[in-house]
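Take a look at the following structure, please.
Position 1 is the first residue of the sequence, and the numbers go up from there. All of these numbers come straight from a predicted model, not from anything done at the bench.
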Amino acid sequence: VQLQASGGGLVQAGGSLRLSCAASGGSFSSYVMGWFRQAPGKEREFVAGILRIGSTYYAGSVKGRFAISKDNAENTVSLQMNSLKPEDTAVYYCAASRVLYDTRLPTDFGSWGPGTQVTVSS
């Protein structure tokens with residue numbers, strides 16, 4: 001499956017952004033979808049995931065502020081980010097996995113989009 005994320009940008013602390021990821025070339029509904037992020041000088045980290053049945057799971061740092069959702073008819077997955085903080089600044093990546101559980105490991109995700117920059121100013 002091929003992935004393309006969009007919706008990044010510059011926002012002030014406390015603001016909101018919505019990221020979208022369009023999937024093509026695969027059976028979208030059969031994948032676990034996830035969002036990861038990578039800040040300069042840091043490792044890529046898990047942000048949010050959504051299972052095939054629609055259950056969601058989050059990193060502790062974003063729980064209660066971010067919400068992941070998907071539309072199987074449109075082959076899209078979105079990440080609504082609210083109450084953004086400067087530490088949320090990173091390149092955000094959409095990813096797809098064929099595992100059958102709520103994985104948070106980047107190595108479990110076999111398909112990745114090119115990433116979109118999110119910058120939160122203080």
Side-chain angles (χ1 to χ4, degrees):
V1 64
Q2 290 76 48
L3 304 172
Q4 181 66 51
S6 61
L10 173 65
V11 65
Q12 288 187 332
S16 299
L17 279 176
R18 185 176 181 86
L19 305 183
S20 294
C21 176
S24 61
S27 181
F28 177 77
S29 61
S30 69
Y31 291 93
V32 171
M33 300 300 298
W35 286 95
F36 290 77
R37 67 188 181 187
Q38 188 166 18
K42 295 187 177 182
E43 293 187 353
R44 190 168 298 189
E45 65 172 358
F46 169 80
V47 174
I50 186 164
L51 303 181
R52 296 183 300 171
I53 60 173
S55 300
T56 60
Y57 55 109
Y58 299 92
S61 60
V62 307
K63 195 170 185 179
R65 301 189 295 123
F66 291 12
I68 187 172
S69 60
K70 66 174 181 173
D71 185 331
N72 287 334
E74 296 292 328
N75 288 358
T76 58
V77 59
S78 299
L79 185 68
Q80 178 66 41
M81 306 185 293
N82 299 324
S83 302
L84 282 161
K85 304 175 181 180
E87 51 263 44
D88 294 318
T89 295
V91 176
Y92 282 70
Y93 298 89
C94 172
S97 172
R98 287 195 174 275
V99 302
L100 301 179
Y101 50 90
D102 53 346
T103 180
R104 300 163 186 256
L105 298 175
T107 52
D108 281 340
F109 288 79
S111 299
W112 292 82
T116 184
Q117 176 70 47
V118 171
T119 302
V120 184
S121 63
S122 57

Those residues that, when tested against E45, pass side chain to side chain contact (heavy atoms under 4.5 Å, CB included) (two or more places apart):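 With sequence neighbours excluded, E45 shows a side chain to side chain contact (heavy atoms under 4.5 Å, CB included) to R37, given in chain and number order.
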Sorted by first residue and then second, give each salt bridge (Lys or Arg N to Asp or Glu O under 4.0 Å) pair with at least one member in residues 109-121; sequence neighbours left out.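 Of all non-adjacent pairs touching residues 109-121, none passes salt bridge (Lys or Arg N to Asp or Glu O under 4.0 Å).
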Which atoms form the tightest heavy-atom contact between S16 and S83, and what is the distance?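 Looks like OG-N, 4.4 Å.
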When Ile, Leu, Val, Met, Phe, Trp and Tyr are grouped by side-chain heavy atoms lying under 4.5 Å apart, directly or through other members, which residues fall in the same group as L17?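 When side chains under 4.5 Å apart are linked, the cluster holding L17 also contains V1, L3, V11, L19, F28, Y31, M33, W35, V47, I50, Y58, V62, F66, I68, V77, L79, M81, L84, Y92, V118, V120.
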Using the side chain to side chain donor-acceptor pair (under 3.5 Å) criterion, which residues pair with S6? Sequence neighbours excluded.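 Per chain and number, S6 pairs via side chain to side chain donor-acceptor pair (under 3.5 Å) with no residue.
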Considering residues at least two apart in sequence or located in another chain, which fulfil the side chain to side chain donor-acceptor pair (under 3.5 Å) criterion with E87? none
Mind checking who shares a hydrophobic cluster with F46, ILVMFWY linked at side-chain heavy-atom distances under 4.5 Å?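 V32, F36, L51, I53, Y57, V91, Y93, F109, W112, all in the cluster of F46.
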Return each pair, listed once, that meets salt bridge (Lys or Arg N to Asp or Glu O under 4.0 Å) where at least one residue sits in residues 67-79; pairs must be two or more places apart or across chains.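 Residue pairs with at least one partner in residues 67-79: there are none.
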CZ on R98 to OG on S30, rounded to 0.5 Å: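 Here the interatomic distance stands at 4.5 Å.
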Heavy-atom pair with the smallest gap, counting every atom of A39 and A90: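 It is N-CB, 3.8 Å.
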Check salt bridge (charged side-chain N to carboxylate O under 4.0 Å, His left out) between R65 and all other residues, then give those that pass, not counting sequence neighbours.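 So R65 forms a salt bridge (charged side-chain N to carboxylate O under 4.0 Å, His left out) with D88.
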For A13 and S122, which heavy atoms make the closest approach, and how far apart are they? CB-CA, 4.4 Å
Looking at CD of Q117 and OG1 of T89, how far apart are the two atoms once the value is rounded to the nearest 0.5 Å?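 Those atoms lie 7.5 Å apart.
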Which salt bridge (Lys or Arg N to Asp or Glu O under 4.0 Å) pairs, counting each pair once, include a residue from residues 99-108, with sequence neighbours left out?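 Pairs touching residues 99-108 that pass the test: none.
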Test of understanding: with side chain to side chain donor-acceptor pair (under 3.5 Å), list the residues that count as partners of Q4, not counting sequence neighbours.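 So Q4 forms no side chain to side chain donor-acceptor pair (under 3.5 Å) with any residue.
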With sequence neighbours left out, which residue pairs that include part of residues 15-26 fulfil the salt bridge (Lys or Arg N to Asp or Glu O under 4.0 Å) condition?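 Not a single pair qualifies under salt bridge (Lys or Arg N to Asp or Glu O under 4.0 Å).
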Among Ile, Leu, Val, Met, Phe, Trp and Tyr joined by side-chain contacts under 4.5 Å, find the other residues sharing a cluster with L105 and list them by chain and number. none
